[in-house]
Amino acid sequence: MLLMPSPLLAQVAEGAIKAEEILTKKDSIQLTKGDSVLPARHGRDWATWRPNAKRALWLSLVLPGAGQIYNRKYWKLPIVYGGFVGCIYAMRWNNMMYKDYSQAYMDIMDDDAGTQSYNQFLHLGNTIDDSNKARYQEIFKKRKDRYRRWRDLSLFAMIGVYALSVIDAYVDASLSEFDISRDLSLRVEPTVINHGESRNPMKSSAVGLQCSLNF
């Protein structure tokens, strides 16, 4: 059995420890160079997010209802698009009635017996002759003008819905920074107002309301 001197054994053990430390440092350096450390990505905090008023304005100008979506006021979308659908339906229906009554008015005004489209607007059993022709001419003219006016009003109403959607998106985004904390409060309470014009407290006092705003 071969025995090694203790000083030699200590040197061998010390050399093995140093070699292990060198390999460990080398591996850690290679790992750091090979694997790039990606920055941590944080999601948007919707609890503290506030919309931008100008962006909401431009989105509403480009696409009606987009500003409400950007402001996260989704419950307003049925109101906006319902207003557009209602105005478009009213405009188309009034335009159709205007064309029908315009054609009927032109037919009743001419002397051509073959153009009698106005008969579809008459009640059952009614006919137009020389005794009532002038009255029906006035009726068809008024109805033609009425449906034309309603058609134009429907167009203006649709423009108004568009303008209101844009204004609502801008104002809603602007008011997102408004202070609505609990420290902001309005208090209304009855009070006795003394104007001091008379020494009699019954004549110089009046009952009123006092408003106080705390912020």
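As the structure is a computational prediction, the values presented were derived from the model and not from experiment.
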For R151, the option from R146, M91, R92 that meets side chain to side chain contact (heavy atoms under 4.5 Å, CB included): M91

For V166 and L57, what are the C-alpha separation, side-chain angles and deciding distance, and is it a side chain to side chain contact (heavy atoms under 4.5 Å, CB included)? CA-CA 6 Å; V166 174; L57 174 65; 3.3 Å; yes

Could you go through L59 and L63, starting from their C-alpha distance and side-chain angles, then the distance that decides it, and tell me whether this counts as side chain to side chain contact (heavy atoms under 4.5 Å, CB included)? CA-CA 6 Å; L59 286 174; L63 179 63; over 6 Å; no

Just by distance, do the side chain of Y170 and the backbone of S165 share a donor-acceptor pair under 3.5 Å? no

What's the verdict on salt bridge (Lys or Arg N to Asp or Glu O under 4.0 Å) for K76 and D172, showing C-alpha distance, side-chain angles and the deciding distance? CA-CA 11 Å; K76 295 182 179 180; D172 196 359; 3.2 Å; yes

Run the numbers on W75 and K73 for side chain to side chain contact (heavy atoms under 4.5 Å, CB included), then give the verdict. CA-CA 6 Å; W75 62 272; K73 297 301 178 61; 3.9 Å; yes

Sorted by chain and number, sequence neighbours left out, ring-ring contact (aromatic ring centres under 6.0 Å, His included) with Y70 holds for W49

Donor-acceptor list for residues 133-143 side chains, cut-off 3.5 Å, not counting sequence neighbours:
unit_1	atom_1	unit_2	atom_2	d
Q137	NE2	I108	O	3.2
K141	NZ	D145	OD2	3.4
R143	NH1	Y101	OH	3.0

Any idea how Y81 and F84 line up, ring-wise: parallel (<30°), tilted (30 to 60°), or perpendicular (>60°)? tilted

Any sub-3.5 Å donor-acceptor pair from N132's side-chain atoms to I128's backbone N or O? no

Are the ring centres of W93 and Y147 closer than 6.0 Å? yes

Carefully, step by step, assess C87 and V161 under the rule side chain to side chain contact (heavy atoms under 4.5 Å, CB included). CA-CA 9 Å; C87 292; V161 172; 4.2 Å; yes

